[in-house]
Amino acid sequence: MKFSTMNDSEIIADLCRRIKDARIEQRLSQIDLAERSGLGIATIKRAEMGGSVTLSTLICILRGLNRLHQLEGVLFDAEVRAFNAQVSGEKSNAPLRIRKKAATVDEAEKPAAEKSAGASAVDWYISAAENNILW
């Protein structure tokens with residue numbers, strides 16, 4: 001089954017069904033799985049019925065089923081990229097922070113009223129010249 005074509009509730013239901021199938025395949029009762037995973041029996045029942053499962057609960061259940069190693073597939077690509085970078089000696093291209101463009105000197109010196117009114121540079125210059133006192 002391809003998860004990319006399923007909605008969230010279908011994915012959760014399928015994962016919960018797989019958890020139940022794995023428990024039955026290992027000939028474990030819900031009580032046995034609850035004890036092995038360190039969870040309550042109600043949590044196991046809720047998980048197998050397709051209820052909402054937290055990531056922490058999923059990890060505990062997978063640990064109880066001796067299937068925690070299957071989570072490695074989720075992060076496999078990141079590990080491969082890191083390994084390839086170490087082998088080839090490449091530096092990682094971390095995303096750069098993007099900053100806002102700094103205002104130009106003209107924009108920074110304009111009074112707020114003129115900035116909002118959209119006055120031209122010539123109007124601003126004339127206004128600034130009128131406000132200066134010449135000695």
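Asn7 and Ser9 get closest at one heavy-atom pair: OD1-OG, 2.9 Å. Closest of all the heavy-atom pairs between Gly50 and Cys16 is CA-SG, 3.7 Å.
Here the NZ-CG distance, from Lys45 to Leu33, works out to 12.5 Å after rounding to the nearest 0.5 Å. Note that SG of Cys60 is 9.5 Å distant from CG of Leu68, once rounded to the nearest 0.5 Å. The distance from atom CD1 of Ile11 to atom CG of Asp8, rounded to the nearest 0.5 Å, is 5.5 Å. Summarising the geometry, atom OG1 belonging to Thr43 is positioned 8.0 Å from atom CD1 belonging to Ile61; distances are rounded to the nearest 0.5 Å.
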*For the pair Leu58 and Leu15, evaluate side chain to side chain contact (heavy atoms under 4.5 Å, CB included) and give the outcome as yes or no after the intermediate values.*
CA-CA 10 Å; Leu58 178 62; Leu15 289 175; 5.6 Å; no
*Stepwise side chain to side chain contact (heavy atoms under 4.5 Å, CB included) check, Ile12 with Val53*: CA-CA 8 Å; Ile12 291 170; Val53 177; 5.6 Å; no
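The salt bridge (Lys or Arg N to Asp or Glu O under 4.0 Å) search around Arg36 returns none, not counting sequence neighbours. Under the salt bridge (Lys or Arg N to Asp or Glu O under 4.0 Å) criterion, Arg63 pairs with no residue, sequence neighbours left out.
Ion pair Arg17/Glu10 not flagged as a salt bridge, since none of the NZ, NE, NH1 or NH2 atoms sits closer than 4.0 Å to an Asp/Glu carboxylate oxygen.
Arg23 contributes a side-chain N or O that, together with a main-chain N or O of Leu28, makes up a donor-acceptor pair within less than 3.5 Å. Panel note: side chain Gln26, backbone Leu65; a donor-acceptor pair is recorded below 3.5 Å. Of the possible donor and acceptor atoms, none in the side chain of Asp21 sits under 3.5 Å from a partner among the backbone N and O of Arg18.
The hydrophobic cluster around Ile41 extends to Ile31, counting ILVMFWY residues whose side-chain heavy atoms fall within less than 4.5 Å of a member.
Cluster annotation: Ile19 is connected to Ile59 through the hydrophobic network of ILVMFWY side chains, with a link wherever side-chain heavy atoms come within less than 4.5 Å.
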